[in-house]
Amino acid sequence: MKKLTYITAFAAIVFSACKDIPETRPQRKNIIDAVFASGVTTTINEYKITAFQDGYLKSSLVTEGDSVKAGQLLFKLDDAIQQSQTENALVNYEYAKNNANSYAPQIAQLQEQINQAVRKKQTDVANLQRYENLIKTNAVSKADYDNIKLIYDNDVSAIAQLQKQLANLKQSLEQGVVISKIAYKVQQQNNHYYNLSSAGSGIVLNIYKHNGDLIKKGETVASIGSGAQIAKLYIDEDDIRKVQLNQQVMIALNTDKNTLYPAVITKIYPSFNEGSQSFIAEASFIKIPAGLKDSTQLQANIIISEKKNALVIPGVYIWDSDSVQVKGEKGLRVVKTGITTMEWTEITGGLSENDILQLPKKQ
């Protein structure tokens, strides 16, 4: 909390209307140094239900305030197009499996070519053996023998080539089965993205979308909370260094501004929050207010320190953050200050209870 370094406009107007310069003396009071924070109530555990795919909200199966269990179906998006894609992926998968079957046309045709080549080889090998016997008696020429041998060698080469083609075809078709199966599984998985379920048990705090709304991928549909209600506090950059765990907090709810609820700082977030332009801390209520609603706006004072029987003066008597006008003295007297509130400033040195103070005149 910043110290007052000037007389407020309101005080200046009031005092200027007085004939005599107001006077006061330092007095003893219990004084509290506190950091102000605004905030909202929330649950200890809260998470968002977000969409994984674009789609229109087809049906909401819960309403705000409903209790839900882990894995419970909450919302359904229109998945007509997705179902068509899944059915198409299944057709492609079944087609690929049929093509990879040993009785499939491509495989059967190539296998028949191999069978024909094997039968031809059997005929040609018999002919080759006959020519091998004939050439031993010079009954056939060397050229005729070589020609029969070449035919046989071509048979062997053709069979090997056809077998390799068959192996490559089977491998390609099997890969097609694997790829189409993966594509089908992906589409099946995508089906789940159109059904939004709860990650854990809790209460539906807010529903942000209605049936028929177009929801984009990544958009929040609802928030789910569980656990006790706590206060989320937004703290100014200048004050965060003063805030520590286990400090006492006094909270006033906007729904009940006349009652203060004690709480304790239980968590301080380590980094600056760009969204709220503040640092964030959490405070747990000593006793949770009856009927407390989620996201209730609140105002809070975090107790930094407390001093009993402190010597204080009204803050409007402080000039330039460290000087006061003592009656009978021409110049301003420099004092040492401690805790400062909206109304009072603690004096730790330079004044006694017997000093009479006047509002400082403009220098």
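A distance of 10.5 Å separates CD1 of I148 from CG of D146, quoted to the nearest 0.5 Å. Note that the CD1 atom of I32 and the CE atom of M250 stand 8.5 Å from one another [nearest 0.5 Å]. Annotation: the span from I286 atom CD1 to I251 atom CD1 amounts to 9.5 Å, rounded to 0.5 Å. Remark: S197 OG to F75 CZ distance equals 10.5 Å, nearest 0.5 Å. We find the CD-CD distance between Q111 and Q165 to be 12.5 Å, quoted to the nearest 0.5 Å. Remark: L311 CG to T345 OG1 distance equals 11.5 Å, nearest 0.5 Å.
For A96 against S180, the heavy-atom pair with the smallest separation is CB-OG, 3.4 Å. In plain terms, the two heavy atoms of T24 and P314 that are nearest each other are CG2-CD, 4.2 Å. Summarising the geometry of S102 relative to I107, their closest heavy-atom pair is O-CG2, 3.6 Å, with the distance given to 0.1 Å. Residues A100 and V177 come closest through the heavy atom pair CB-CG2, 3.7 Å. The shortest non-hydrogen separation linking I303 to A34 is CD1-CB, 4.2 Å. Closest heavy-atom contact between S201 and S226: O-CB, 3.5 Å.
No donor-acceptor pair closer than 3.5 Å links the side chain of E237 to the backbone N or O of R241. A donor-acceptor pair is defined here as one N or O able to donate and one able to accept, closer than 3.5 Å; no such pair exists between the side chain of Y152 and the backbone of Q122. Between the side chain of Q72 and the backbone N or O of K69 there is at least one donor-acceptor pair closer than 3.5 Å. Between the T43 side chain and the N45 main chain, a donor and an acceptor come within less than 3.5 Å of each other. Checked by atom type and distance alone, the side chain of N98 pairs as donor or acceptor with a backbone atom of E94 at under 3.5 Å. The backbone N or O of V204 lies less than 3.5 Å from no partner atom in the side chain of D66, so there is not a single donor-acceptor pair. A donor-acceptor pair under 3.5 Å is formed between the side chain of N211 and the backbone N or O of S60. In this structure, the side chain of Q83 does not engage the main chain of A80 through any donor-acceptor pair within 3.5 Å. Although no hydrogens or angles enter the test, the distance criterion places a donor-acceptor pair under 3.5 Å between the side chain of T41 and the main chain of T296. At distances below 3.5 Å, at least one donor-acceptor pair connects side-chain atoms of Q247 with backbone N or O atoms of Q244.
In this structure, I347 is a member of the same hydrophobic cluster as V316, with clusters built from ILVMFWY side-chain heavy atoms closer than 4.5 Å. The same ILVMFWY cluster, assembled from side-chain heavy atoms under 4.5 Å apart, contains both L245 and I235. Residues Y56 and L196 do not share a hydrophobic cluster, clusters being chains of Ile/Leu/Val/Met/Phe/Trp/Tyr side chains in contact below 4.5 Å. A chain of hydrophobic side-chain contacts below 4.5 Å, direct or via other Ile, Leu, Val, Met, Phe, Trp or Tyr residues, connects V156 to V125. I159 and I151 are not part of a single hydrophobic cluster, where members link through side-chain heavy atoms under 4.5 Å apart.
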Criterion side chain to side chain contact (heavy atoms under 4.5 Å, CB included) on L74 and I224, from CA distance to verdict: CA-CA 11 Å; L74 306 180; I224 309 294; 4.2 Å; yes
Side chain to side chain contact (heavy atoms under 4.5 Å, CB included) assessment of E87 paired with V91: CA-CA 6 Å; E87 292 171 3; V91 169; 5.6 Å; no
Test log, rule side chain to side chain contact (heavy atoms under 4.5 Å, CB included), inputs V68 and V62: CA-CA 8 Å; V68 298; V62 292; 4.1 Å; yes
Check against salt bridge (Lys or Arg N to Asp or Glu O under 4.0 Å), K120 and D155: CA-CA 7 Å; K120 182 176 183 302; D155 290 341; 3.0 Å; yes
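Legend: side-chain hydrogen bond (donor to acceptor under 3.5 Å, both in side chains) pairs involving residues 302-312, not counting sequence neighbours, sorted by first then second residue: K307-E346.
Contact check for L292 versus P289: side-chain heavy atoms found under the 4.5 Å cut-off. A 4.5 Å side-chain heavy-atom check between Y208 and S223 finds at least one atom pair inside the cut-off. The shortest distance between side-chain heavy atoms of Y194 and K76 does not fall below 4.5 Å. Counting heavy atoms from C-beta on, the side chains of V335 and T337 come closer than 4.5 Å. At least one side-chain heavy atom of N206 sits under 4.5 Å from a side-chain heavy atom of E64. The shortest side-chain heavy-atom distance between I318 and V324 falls under the 4.5 Å cut-off. A 4.5 Å side-chain heavy-atom check between D153 and K149 finds at least one atom pair inside the cut-off. Residues Q27 and W344 have side chains in contact (heavy-atom distance under 4.5 Å, counting atoms from C-beta outward).
Electrostatic pairing of E219 and K216 does not count as a salt bridge here, judged by no charged N lying under 4.0 Å from a carboxylate O. Contact check on E112 versus R119 returns a salt bridge, with a Lys/Arg side-chain nitrogen under 4.0 Å from an Asp/Glu carboxylate oxygen.
Checking N190, D79, N191 one by one against T86, the side-chain hydrogen bond (donor to acceptor under 3.5 Å, both in side chains) holds for a single residue, N191. Test I280, V35, I268, V249 against L233 for side chain to side chain contact (heavy atoms under 4.5 Å, CB included) and you get one pass: V249.
More than 12 heavy atoms of other residues, nucleotides or ligands shown are found within 6.0 angstrom of NZ on K48. Under a cut-off of 6.0 angstrom, the local environment of CG in L61 is crowded, with over 12 non-hydrogen atoms contributed by other residues, nucleotides or ligands. Within a 6.0 Å sphere centred on CZ of F52, other residues, nucleotides and ligands contribute 12 heavy atoms or fewer.
For Q109 and Q106, the side-chain atoms include no donor-acceptor pair closer than 3.5 Å. Checking Q187 against Q82 by side-chain atom types alone, a donor-acceptor pair falls below 3.5 Å. A donor and an acceptor atom, one from each side chain of R130 and N133, are nowhere located under 3.5 Å apart.
Partners of Y269 under the side chain to side chain donor-acceptor pair (under 3.5 Å) rule, at least two apart in sequence or in another chain, are E282. For Y93, the ring-ring contact (aromatic ring centres under 6.0 Å, His included) criterion is met by no residue, not counting sequence neighbours. With sequence neighbours excluded, the residues forming a salt bridge (Lys or Arg N to Asp or Glu O under 4.0 Å) with D355 are R333, listed by chain and number. Listed by chain and residue number, N88 satisfy the side chain to side chain contact (heavy atoms under 4.5 Å, CB included) test with N92 (two or more places apart in sequence, or in another chain).
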Just distance, no hydrogens or angles: give the donor-acceptor pairs under 3.5 Å from side chains in residues 256-265, sequence neighbours left out.
| residue | atom | partner | partner atom | Å |
| --- | --- | --- | --- | --- |
| D256 | OD1 | T259 | OG1 | 3.2 |
| D256 | OD2 | T259 | OG1 | 3.1 |
| D256 | OD2 | Y261 | OH | 2.8 |

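Here the two rings, on F279 and F272, have centers that are under 6.0 Å apart.
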